[in-house]
Amino acid sequence: MVSTSRPLADALAAGPVVLDGGLSNQLEAAGHDLGDALWSARLLAEEPEAVVQAHRAYYEAGARVAITASYQATFEGFARYGIGAERAAELLTRSVELAREAARRAVSGGVDGPLYVAASAGPYGAMLADGSEYRGRYGLTVDELVRFHRPRLEVLAAARPDVLALETVPDAEEARALVRAVRGLGVPAYLSYSVAGDRTRAGQPLAEAFAVAAEADEVIAVGVNCCAPDDADRAVRTAARVTGKPVVVYPNSGERWDAAARAWCGAPEFGADRVATWAADGARLIGGCCRVGPDTITELAAGLGRAGPDPLVRP
């Protein structure tokens, strides 16, 4: 295992830490088809080396945290493909191991550490694969959502990632469930909402949503991902003000998906100048999501280096 010489929470206290970009972006660029409901999680079983290579590309680009290919990996989702609980647990564990292997190879190739692994846990709607991950309001109680999330979080935590990435959460009620579900696991977490304007995708004000994690000791950073860069600008300030915690931010490129044309349109709006502003407003874990690749992560790391503390967070 690559040794992380200090906990990620301590690294965040020292200055900005660079997250990776979109894992699916890198896998698709390498020619892999992610068109089914398991998305990148399918490759955990079928092409694990492809996952290692994608993670390594981001580490070599300047990221110090890689997010695992477990966003859409759930016991229920795997079961639809005939994968039983024992094998599903093995694949969840593998997602962390593959990121660790990528870190080992990156360090062997000359990348400076420490390198961290964030074990991804997507929202309930990601398992449904019907777009509800961008709406929330599933009709489930908080207790029901805790029962859904806790088993896979237990498996991911047992694989000993540096942090659990509770990401792309559309609904403050699901965030309440996730904060409960990570209690007692012995691994810190960050909580990241998907937002539209100044509200969650489910419509709650961001100040209310961020407050869900303000007093949770297990949650070391709070923020947003998989949103427009403009929305991230406002959210970073709100998260810092409401929680007093380091802020995590990794939006999309700013391009828009045209469903009719089945193509991305518009120009990217994600730039190093914007990233420096996020850091000044309290962001400490900074990267990109959809349509953000290794080249952009390299620019992001360089921009943070010019703006202030060393974003590589060397010991």
Kindly compute the distance separating [atom1] ([X]) from [atom2] ([Y]), expressed to the nearest 0.5 Å.
X    : Y    : atom1 : atom2 : value
I286 : W278 : CD1   : CH2   : 7.5 Å
R201 : T168 : CZ    : OG1   : 10.0 Å
I67  : L23  : CD1   : CG    : 8.5 Å

**Q.** salt bridge (Lys or Arg N to Asp or Glu O under 4.0 Å) evaluation trace for R64 with D162
**A.** CA-CA 11 Å; R64 289 301 174 265; D162 297 290; over 6 Å; no
Q: Assess whether atom CD of E86 is packed by more than 12 heavy atoms of other residues, nucleotides or ligands within 6.0 Å.
A: no
Q.
So, applying side-chain hydrogen bond (donor to acceptor under 3.5 Å, both in side chains) with Q53, which one of R56, E49, H55 is it?
A. E49
Q: Could you pull out all residues at least two apart from D217 that satisfy side-chain contact (heavy atoms from CB on, under 4.5 Å)?
A: none
**Q.** Of V107, D20, L115, V65, the residue whose pairing with Y59 passes side-chain contact (heavy atoms from CB on, under 4.5 Å)
**A.** L115
Q) With L153, which of L92, V187, L166 fulfils side-chain contact (heavy atoms from CB on, under 4.5 Å)? A) L166
Quiz question: by atom type and distance under 3.5 Å, do the side chains of [X] and [Y] form a donor-acceptor pair?
X    : Y    : result
E28  : S24  : no
Y138 : E144 : no
E167 : S120 : yes
D130 : S132 : yes

Give the minimum heavy-atom separation between [X] and [Y], together with the two atoms involved.
X    : Y    : answer
V142 : A177 : O-CB, 3.7 Å
L145 : L140 : CD2-CD1, 3.8 Å
A189 : V182 : CB-CG1, 4.3 Å
L156 : V96  : CD2-CG2, 4.2 Å
Y134 : S194 : CD2-OG, 3.9 Å
L12  : A221 : CD1-CB, 4.4 Å

Q. Going through the checks in order, is the side chain to side chain contact (heavy atoms under 4.5 Å, CB included) test met by D231 and V224?
A. CA-CA 9 Å; D231 292 340; V224 295; over 6 Å; no
Q.
Could you walk me through whether F210 and V212 satisfy the side chain to side chain contact (heavy atoms under 4.5 Å, CB included) test, starting with their C-alpha distance in whole Å, then the side-chain angles of each, then the deciding distance to 0.1 Å, before giving a yes or no?
A. CA-CA 5 Å; F210 291 138; V212 168; over 6 Å; no
Q: Could you check if a side-chain atom of R94 sits within less than 4.5 angstrom of a side-chain atom of P48, using non-hydrogen atoms only?
A: yes
Q.
Let's go through V179 and E218 carefully: what are the C-alpha distance in whole Å and the side-chain angles of both, what is the deciding distance for side chain to side chain contact (heavy atoms under 4.5 Å, CB included) to 0.1 Å, and is it a yes or a no?
A. CA-CA 8 Å; V179 168; E218 294 87 353; 5.6 Å; no
(Q) When you measure from the side chain of N225 to the backbone of P251, do you find a donor-acceptor pair of N or O atoms at a distance under 3.5 Å? (A) no
